[in-house]
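Report on the following structure.
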Amino acid sequence: MPLDTPKRKFKVVGTRPPRPDGLDKVTGRALYGADMTAPGMLTGRILRSPHAHARIKSIDTSAAEALAGVRAVITAADLPVLEDDFIRDIQDNCMARGKALYDGHAVAAVAATDAATARKALKLIKVDYEILPHVTDVDAAMKPGAPVVQKGRTLENVPAGMSENVTSHCEFGHGDLPSGFAKADKIIERSFRTAATHQGYIEPHACLASFTSDGKADLWCCTQGQFFVRTLCAQMMGMEASQLRVTSSEIGGGFGGKTTVFIEPVALALSRKSGRPVKIVMTRDEVFKATGPTVSSSMDIRIGMTRNGRITAGEAHLRYSGGAFPNATIEMGGQAAFAAYDLGAVRTFGWNILTNRPKEAAYRAPGAPMAIYAVESVVDELCQELGLDPLKVRLLNAARKGTKSSYGPTFDDIGLVATLEAATRHPHYTAPLGPNQGRGLSCGFWFNFGGNTCVSLNVNTDGTVGVTEGNPDIGGSRASISLMAAEELGIPYEKVRTFVADTASLGYNDVTDGSRVTFAVGLATIKAARAAIRNMCARAAKIWGIDEEAVEWIDGAACPAGPNAGKFPPMTLAEIAAVSAETGGPIAGHHEVNADGAGVSFGVHLVDVEVDPETGATKVLRYTVFQDAGKAVHPDYVEGQMQGGAVQGIGWALNEEYIYGDDGRLQNAGFLDYRVPVASDLPPIETVILEIPNPGHPYGVRGVGETPIVPPLAAIANAVSRAVGVRMTELPMSPPRLLKALLSKG
Amino acid sequence: MVKVLLWGTLRHATDGQAEVEVEARNFKELLDRLAVMYPGLEPQIRRGVSMALDGRIYREAWFTEIGPDSEVVLMPYMVGG
């Protein structure tokens with residue numbers, strides 16, 4: 001659906017009304033996953049492996065089942081063996097079958113009348129483990145002779161002779177690398193590592209499942225996609241989709257980590273076995289140990305540059321591990337690594353490797369931040385070595401309309417140059433720096449998606465409008481969708497209310513991922529509104545006794561189109577709605593689409609830091625985010641996404657990491673030891689929105705949720721490296737690591 | 001005929017060709033014919049692919065029309081967070 005007109009004047013879109021969910025959230029009325037209850041509800045608890053890698057020889061649940069108050073115990077034996085690799089992996093992650101693959105992997109679950117009984121029952125379950133050698137490091141897992149996490153998972157694209165932990169290989173790029181490097185005046189080759197980090201959402205996973213004796217079930221859960229939850233759970237339970245209704249709660253953060261299931265099939269299986277509703281709420285320890293962190297990575301980068309700053313060739317070798325199950329995140333990283341640049345010779349090679357860690361779940365722009373961190377670090381070092389301005393070098397090499405991207409397609413309208421120019425003009429870039437301070441910048445990129453979307457828009461007889469959509473509101477979508485409906489219908493924002501439907505009330509909607517919702521649901525909402533408008537124009541035409549084609553919609557009212565249509569006063573939406581029963585019945589608009597044309601997004605982050613040379617602690621002094629957001633529907637939310645991405649990236653760069661002991665067990669499964677940034681760690685995050693219209697959306701909207709987490713890793717690493725005079729090549733740059741680098745510098 | 005650019009790992013199935021020509025009017029025909037002409041591509045097509053058509057990325061959309069002069073790039077199936 002193309003852009004209406006690049007110069008459209010918006011009346012409602014682009015304003016900043018109060019968020020519709022704000023009052024409920026600040027007063028505690030909003031219902032999150034753990035707030036659901038049902039009569040007769042049982043408490044579900046999960047037994048988890050204390051071993052990083054172990055064969056499950058047997059599980060004896062008899063003592064637990066005999067405990068008073070225990071109503072059901074399940075293991076993998078209570079779930080079907082699925083043929084499809086993708087779904088079987090998700091199910092095996094929810095409940096280990098045959099082997100425990102990481103510390104915290106679920107092996108059994110109980111449902112009891114109260115939490116104390118459930119915990120007691122877990123202690124009565126006897127699991128006979130045969131402990132196996134483990135591997136948690138990505139490079140170690142790739143070596144020949146490393147403990148094999150899962151056998152038989154290697155795809156056909158992996159050359160023979162590699163470790164069985166290597167499950168997939170990918171390669172992207174174009175041009176001739178040797179001749180590209182031959183043109184360079186300076187070539188830098190560096191290796192980098194990044195730690196696995198968790199999405200860090202505040203709300204733990206929680207759900208309530210209720211099976212009835214006739215095989216129907218309801219599931220309430222905090223999720224980024226109730227329809228996908230239904231797809232997965234229905235297959236795991238052997239149910240027809242129509243027999244399972246999934247309702248999403250309010251969501252306390254997801255960032256990609258709630259795009260799959262962990263406890264939902266377990267709760268359903270316990271409910272089916274016990275005949276009672278079962279609620280499971282994860283502890284924070286469980287969230288860290290058993291839900292998805294992002295991949296850990298090891299990367300080699302080689303880039304050549306002329307003395308005037310033109311990049312002549314770029315090469316990246318990326319090794320990602322998303323834990324104990326195969327995943328495709330490496331493909332995203334491989335494609336994104338050099339996406340910001342217009343290069344004649346570029347190649348990325350990617351490998352996915354299994355380790356005894358929890359199964360990776362998506363985390364904002366999965367795969368991109370680490371690859372771009374490594375590339376942007378080398379670009380920065382080349383600028384330093386050659387005495388070049390890092391922003392001018394980015395501008396010189398920036399991808400723009402017509403550039404053949406490093407992953408294949410030719411770019412259409414993109415906003416990277418605009419963001420770089422905005423950064424150049426911004427006073428932040430030329431502000432003075434003090435001792436032990438450094439300034440860094442980085443470009444960032446994300447693809448953005450559209451996807452399956454279904455919207456229903458109903459015009460009420462009092463002139464108000466209800467929009468029903470199928471994606472949990474994780475980033476302000478109810479406000480944005482209401483704004484777009486109001487804009488299209490020509491009525492005030494306050495007249496529209498948007499609701500999130502359960503899976504029985506609307507057609508399939510893809511998961512809230514890929515920064516898709518404001519783009520795709522917005523597009524479907526506009527189309528649904530246009531369908532309702534056509535209906536309302538037809539009603540007015542009937543009332544006036546003229547042809548439907550002789551009626552047009554202007555500023556929220558049906559009007560005769562031109563002097564030949566006759567002279568009638570405009571009929572407002574409210575006036576048409578009030579007589580809808582008399583003119584043909586309820587008025588509604590619907591639209592269903594698999595939306596494409598999301599339009600890629602670029603951003604540039606600029607950051608100043610100060611490093612304490614005695615402690616190695618880094619303080620972020622100033623941070624500015626520049627991003628091409630397309631049309632910003634609700635600028636508060638757009639700025640919030642930009643700020644949130646920057647903050648999560650600051651944590652990733654400076655402190656956050658999964659730390660494993662020699663025993664393969666996670667050492668820091670809690671927010672006391674896994675340090676996310678808090679308000680006192682942060683300066684105000686300044687935002688500059690560039691509105692380069694997306695040609696694939698009627699209002700020019702682009703997704704904005706993922707791009708902002710891509711640049712911070714490199715921007716901060718570049719700032720820290722310049723501050724301390726040592727190129728930092730491993731994340732996080734925690735105080736001990738930074739102090740070590742300072743001491744080694746002498 | 002439509003020229004289709006493949007990502008590097010797929011070239012093992014096309015005798016090293018980075019670009020292949022296929023008679024196809026839409027995304028579905030393109031995938032079906034690629035799988036027949038180059039059976040080594042079939043496992044990847046079954047796992048999922050995206051298509052960039054003149055710079056715009058499509059994740060499914062079987063019946064997206066492909067013009068004879070369109071730029072067609074096969075990409076891995078996209079996932080996001």
Of the listed B:Ala52, B:Gly55, B:Pro76, the one with the largest count of heavy-atom pairs under 4.5 Å with chain A is B:Pro76
Taking atom types as modelled, is there a side-chain donor on B:Tyr77 or B:Glu60 under 3.5 Å from an acceptor on the other?
yes
Could you check whether the rings of A:Phe349 and A:His169 sit parallel, tilted or perpendicular, using 30° and 60° as the cut-offs?
parallel
Just say parallel, tilted or perpendicular for the rings of A:Tyr363 and A:Trp652, cut-offs at 30° and 60°.
parallel
With only heavy atoms counted, which part of A:Asn448 is less than 4.5 Å from chain B, the side chain, the backbone, both or neither?
neither
Where does the angle between the aromatic ring planes of A:Phe449 and A:Phe447 fall among parallel (under 30°), tilted (30 to 60°) and perpendicular (over 60°)?
parallel
Taking 4.5 Å as the heavy-atom cut-off, does anything in residues 400-413 of chain A contact chain B, and if so which residues?
A:Lys404, A:Tyr407, A:Gly408, A:Pro409, A:Thr410
So do A:Thr707 and A:Val600 actually touch side chain to side chain, heavy atoms under 4.5 Å?
no
If you count heavy-atom pairs under 4.5 Å between each of A:Gly705, A:Pro695, A:Gly256, A:Gly367 and chain B, which one has the most?
A:Gly256
What part of A:Ile709 gets within 4.5 angstrom of chain B, counting heavy atoms only: side chain, backbone, both, or neither?
neither
When rounded to the nearest 0.5 angstrom, what is the spacing between CD in B:Gln44 and CD in A:Glu156?
7.0 Å
Set of residues satisfying side chain to side chain donor-acceptor pair (under 3.5 Å) with respect to A:Thr294, sequence neighbours excluded:
none
Where does A:Gln335 contact chain B at under 4.5 Å (heavy atoms): side chain, backbone, both or neither?
side chain
Please identify each residue that fulfils side chain to side chain donor-acceptor pair (under 3.5 Å) with A:Asn327, with sequence neighbours left out.
A:Thr329, A:Asn352
Could you pull out all residues at least two apart from A:Thr453 that satisfy side chain to side chain contact (heavy atoms under 4.5 Å, CB included)?
A:Val455, A:Asn509, A:Arg516, A:Ala520, A:Val521, A:Ala524, A:Val593
Heavy-atom pairs under 4.5 Å with chain B are the metric here; pick the option from A:Ser515, A:Ala595, A:Gly514 that has the most.
A:Gly514
Is B:Ile57 in contact with chain A via its backbone, its side chain, both, or neither, using a 4.5 Å heavy-atom distance?
both
